There are 2 protein chains.
Amino acid sequence: MDEYDEAKKIGSYLERTSRLVKLRYLQAFAQLGVDITPEQWVMLDSLYHRNGQSQTELAGDSYKNAPTVSRIIDLLEKKGFVERQRFENDRRRYKIFLTTAGTAAVEKVQPAVSSLRQQSWENLSDADYTDFFRIINQVFENLNGGN
Amino acid sequence: MDEYDEAKKIGSYLERTSRLVKLRYLQAFAQLGVDITPEQWVMLDSLYHRNGQSQTELAGDSYKNAPTVSRIIDLLEKKGFVERQRFENDRRRYKIFLTTAGTAAVEKVQPAVSSLRQQSWENLSDADYTDFFRIINQVFENLNGGN
DNA sequence: TAATAATAGTTGTCATGACAAATATATTCC
DNA sequence: GGAATATATTTGTCATGACAACTATTATTA
């Protein structure tokens, strides 16, 4: 039962930490007067690094599914951070582009992101950092395969 | 930018792994014909180990907030897995009790939970296991303090 | 070419989670 | 004792995410 309790926690600890990270991002953005959620930021940031992606590409990049991306892009479009343009050769697809305001939002928020990142890793070593990503990716792979 | 990209991923990797874990739980429960979500299971499991908790206690245990717990208990009650009983001395509070069906559901699902847990840690060492919890808890603490 | 299948995206429904505001009951303090 | 506070829970609103079903467009293939 001790072992069982300990084990239960992987999901719970992942979940609560993930939620806390997202909450801190949300609060940081709000404090800067940038009205976006962490998930919206992930999209904007992805576009900042590669503009003009389709929704399917954005979904793959963030491991989100199509409906989720569709709705996030809707919101970002309403807020004026992003624009949909149809592909020339394939009228099913959109290319999503950051607007000037979208680019500005990403840049405004960047120091806060760096700061939060730094804060996350306080009291932890470089080895911890490396290990953490290795382990969490292995867990992801373990559960993502076939099954 | 390389450093920046790497860093961005802590939130994303936490999030995607957390989501995958929850999805696998959901699928495992469904396959067993047990109609509960991972979050509902966390509540049931908490009650299985300590029956009669109040919603506030359940919230603290799972780091969820009061409205979320209230709604999860609503659903579990509708499904017949849980019962609300008022405290004798404090009529604001409920004690939440597992029903027979609730207990049965927890027990039915337990092997699948163990199995998923084992699968999560394949290709990882005992040290990885220990490190992972140490690191993720430190990250949680880093972000949870004051700020 | 016409029928079929595949792909891109949207919409509907439900559960979770964050926040604010509400209700009901208990506690504190003057 | 009664007013102000605090606590336990509920309800409303919105965003995200999972799934299924849908539309529109493109590709395949018989």
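In what follows, every chain begins at residue 1, and chains take the letters A, B, ... in the order their sequences are listed. Everything quoted here is computed from the prediction, not taken from an experiment.
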[X] side-chain N/O to [N] phosphate OP1/OP2 under 4.0 Å:
X	N	value
Gln40(B)	dT16(C)	yes
Thr56(B)	dT9(D)	yes
Arg91(B)	dT25(C)	yes
Arg19(A)	dA18(C)	yes
Thr37(A)	dT16(D)	yes
Gln27(A)	dA18(C)	no
Ser70(A)	dT11(C)	no
Asn65(B)	dG17(C)	no
Gln55(B)	dT10(D)	yes
Arg84(B)	dA8(D)	no

For Ser54(A) and for Leu20(A), find the nucleotide of DNA chain C with the closest heavy atom, then tell me which residue's nucleotide is more 5'. Ser54(A)
Side chain of Thr68(A) (C-beta onward), nearest among dT10(D), dT13(D), dG17(D): dG17(D)
Just call it for Leu75(A): base, sugar-phosphate, or nothing, with non-hydrogen atoms closer than 4.0 Å on any strand. sugar-phosphate
Tyr94(B) and Phe87(B): CA distance, side-chain angles, deciding distance, ring pair (Phe, Tyr, Trp, His ring centres under 6.0 Å) verdict: CA-CA 6 Å; Tyr94(B) 293 110; Phe87(B) 256 71; 9.5 Å; no
